[in-house]
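Quantities reported herein were computed from a predicted structural model and do not represent experimental measurements.
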Amino acid sequence: MADTPQRPVARTRPLSPHLTIYRWPVTMMTSITHRATGMGLSVGAVILAWWLVSISNGPEGWQGFHAVSDTPVGLVVLFGLTWSLVYHFLNGVRHLAWDLGYGFAKQTAERNSVLIFALSILGALAIFAFTWTGHGGYLQ
Amino acid sequence: MSTAQTPLHKVQGMGSSHSGTGHFWHERVTAVALIPLSLWFAYVMLGLAGTSEVTALQFLAHPWNALLMGAFVCFTLWHTYLGLQVVVDDYIHTAGAKIFLMLLIRFSVIATGATCLFAIVRIAAL
């Protein structure tokens with residue numbers, strides 16, 4: 001027993017209070033969402049690879065991709081990726097502004113957090129509305 | 001003062017973290033590069049939405065578009081690698097699991113990038 005006195009201590013060491021204790025400020029939400037959208041976009045990069053390969057495989061490849069992407073689940077995933085990219089883009093620009101020393105004031109940071117959530121949802125909706133109203137496909 | 005540090009280790013000034021600001025800086029450089037590239041990517045995705053594979057083929061076969069798509073893929077995956085590395089650093093605290101996940105992320109990112117670049121070259125050669 002007394003041979004390894006440090007063993008049980010390592011498991012029971014106290015943690016300072018964090019996620020479960022404090023009220024979640026909106027800046028915390030934007031920080032966590034930035035990480036979550038980044039992880040989601042990592043999966044999106046694999047889907048981008050699949051899309052490029054499907055194009056290189058000619059008509060059958062293209063149809064194979066669209067057989068999945070045109071389903072309701074596929075559209076939900078694409079909408080999620082669209083919103084993630086818009087969000088990560090906007091909040092990423094804010095991170096670069098922070099690196100330059102701008103936007104740290106408490107009120108500014110909170111206002112910008114709400115603004116980024118709102119703009120990212122509006123941006124993703126606008127992108128989908130743009131194509132659904134027939135304005136997409138202008139590269140044809 | 002006597003020290004166990006080698007002169008090289010001392011002049012590098014990295015301490016126990018083994019690295020300096022390189023990771024932070026590369027994350028920022030790739031982020032800045034991705035601002036115009038992401039806007040271009042969004043323009044392309046909207047422009048190709050609802051078209052046929054012929055349109056996508058012809059568009060990506062154009063040298064400038066192939067180069068821009070290649071740059072977008074490279075910077076995206078480099079940025080992805082740096083970002084996922086931070087996630088592992090933050091949440092995984094055992095050396096074995098950490099090395100395993102770091103290798104998995106690195107290999108996955110390289111495999112995804114190689115696949116994208118090969119597809120882009122193949123489209124241009126079709």
Engineer: Is chain A contacted by the side chain of Ile120(B), its backbone, both, or neither, given a heavy-atom distance below 4.5 Å?
Structural biologist: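 Looking at Ile120(B), just its side chain touches chain A.
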Engineer: When you look at CE of Met28(A), are more than 12 heavy atoms from neighbouring residues, nucleotides or ligands closer to it than 6.0 Å?
Structural biologist: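 Check passes, neighbour count above 12.
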Engineer: Quick check on Val93(A) against chain B: is it the side chain, the backbone, both or neither that has a heavy atom closer than 4.5 Å?
Structural biologist: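 For Val93(A), side-chain heavy atoms alone lie under 4.5 Å from chain B.
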Engineer: Relative to chain A, which of Ala56(B), Ala111(B), Ala124(B) shows the most heavy atom pairs under 4.5 Å?
Structural biologist: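 Most heavy-atom pairs within the cutoff with chain A belong to Ala56(B).
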Engineer: Can you get from Val68(A) to Val77(A) by hopping between Ile, Leu, Val, Met, Phe, Trp and Tyr side chains that sit under 4.5 Å apart?
Structural biologist: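 As far as the 4.5 Å side-chain criterion goes, Val77(A) and Val68(A) are connected within one cluster.
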Engineer: When only pairs under 4.5 Å are counted, which of Leu60(B), Ile123(B), Leu34(B), Leu46(B) shares the most heavy-atom pairs with chain A?
Structural biologist: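 The candidate making the most pairs under 4.5 Å is Leu46(B).
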Engineer: Who among Pro59(A), Gly44(A), Gly137(A) has the most heavy-atom pairs with chain B under 4.5 Å?
Structural biologist: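 If we count pairs closer than 4.5 Å to chain B, Gly137(A) comes out on top.
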Engineer: Give a yes or no on whether Phe118(B) atom CZ has more than 12 heavy-atom contacts from other residues, nucleotides or ligands under 6.0 Å away.
Structural biologist: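 No, because the 6.0 Å sphere around CZ of Phe118(B) holds 12 heavy atoms or fewer from other groups.
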Engineer: Do Val86(A) and Phe130(A) belong to the same hydrophobic cluster, where Ile, Leu, Val, Met, Phe, Trp and Tyr are linked whenever their side-chain heavy atoms lie under 4.5 Å apart, directly or via other members?
Structural biologist: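 Same cluster.
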Engineer: Side chains of Leu52(A) and Met69(B): does their closest heavy-atom pair fall under 4.5 Å?
Structural biologist: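 Answer yes - side chains close enough.
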Engineer: Does atom CE (Met39(A)) have a neighbourhood of more than 12 heavy atoms from anything else shown, all under 6.0 Å?
Structural biologist: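 No, the 6.0 Å shell around CE holds no more than 12 heavy atoms from other groups.
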Engineer: In terms of heavy-atom proximity below 4.5 Å to chain A, should Ile35(B) be classed as side chain, backbone, both, or neither?
Structural biologist: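 Ile35(B) touches chain A through backbone and side-chain heavy atoms alike.
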Engineer: Report yes or no: do Leu67(B) and Met45(B) belong to one cluster of Ile/Leu/Val/Met/Phe/Trp/Tyr joined by side chain heavy-atom distances under 4.5 Å?
Structural biologist: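 No; tracing contacts between hydrophobic side chains, which count when under 4.5 Å, never links both residues.
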Engineer: Could you have a look at Val121(B), Leu39(B), Val54(B) and say which one has the most heavy-atom pairs with chain A under 4.5 angstrom?
Structural biologist: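 Most heavy-atom pairs within the cutoff with chain A belong to Leu39(B).
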Engineer: Applying a strict under-4.5 Å side-chain criterion to I, L, V, M, F, W and Y, I'd like to know whether Ile110(B) and Leu101(B) cluster together.
Structural biologist: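 Different clusters.
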Engineer: Less than 4.5 Å to any heavy atom of chain B: does that hold for the side chain of Leu41(A), its backbone, both, or neither?
Structural biologist: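 It is neither, since no heavy atom gets under 4.5 Å.
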Engineer: Which donor-acceptor pairs sit under 3.5 Å apart between chain A and chain B?
Structural biologist:
| unit_1 | atom_1 | unit_2 | atom_2 | d |
| --- | --- | --- | --- | --- |
| Arg35(A) | NH1 | Asp90(B) | OD2 | 2.9 |
| Arg35(A) | NH1 | Tyr91(B) | OH | 3.0 |
| Arg35(A) | NH2 | Asp90(B) | OD2 | 2.8 |
| Ser56(A) | OG | Arg122(B) | NH1 | 3.3 |
| Asn57(A) | OD1 | Arg122(B) | NH1 | 2.8 |
| Asp99(A) | OD2 | Arg28(B) | NE | 2.7 |
| Gly137(A) | N | Leu46(B) | O | 2.8 |
| Gly137(A) | N | Gly47(B) | O | 3.4 |
| Gly137(A) | N | Ala49(B) | O | 3.3 |
| Tyr138(A) | N | Gly47(B) | O | 3.2 |
| Tyr138(A) | OH | Tyr43(B) | O | 2.6 |
| Leu139(A) | N | Gly47(B) | O | 3.1 |

Engineer: If you group Ile, Leu, Val, Met, Phe, Trp and Tyr by side-chain heavy-atom gaps below 4.5 Å, do Phe75(B) and Val46(A) land in one group?
Structural biologist: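 No, Phe75(B) and Val46(A) fall in different hydrophobic clusters.
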Engineer: Could you grab the distance from atom CZ of Phe41(B) to atom CG of Leu48(A), nearest 0.5 Å is fine?
Structural biologist: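 Interatomic distance, Phe41(B) CZ to Leu48(A) CG, rounded to 0.5 Å: 5.0 Å.
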Engineer: Examine whether an atom of Ile127(A) lies under 4.5 Å from a heavy atom of chain B, and if so say whether it belongs to the side chain, the backbone or both; otherwise answer neither.
Structural biologist: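 Answer is both: backbone and side chain atoms of Ile127(A) are under 4.5 Å from chain B.
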Engineer: Among Leu77(B), Val87(B), Val44(B), which residue has the highest count of heavy-atom pairs closer than 4.5 Å to chain A?
Structural biologist: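 So the answer, after comparing Leu77(B), Val87(B), Val44(B), is Val87(B).
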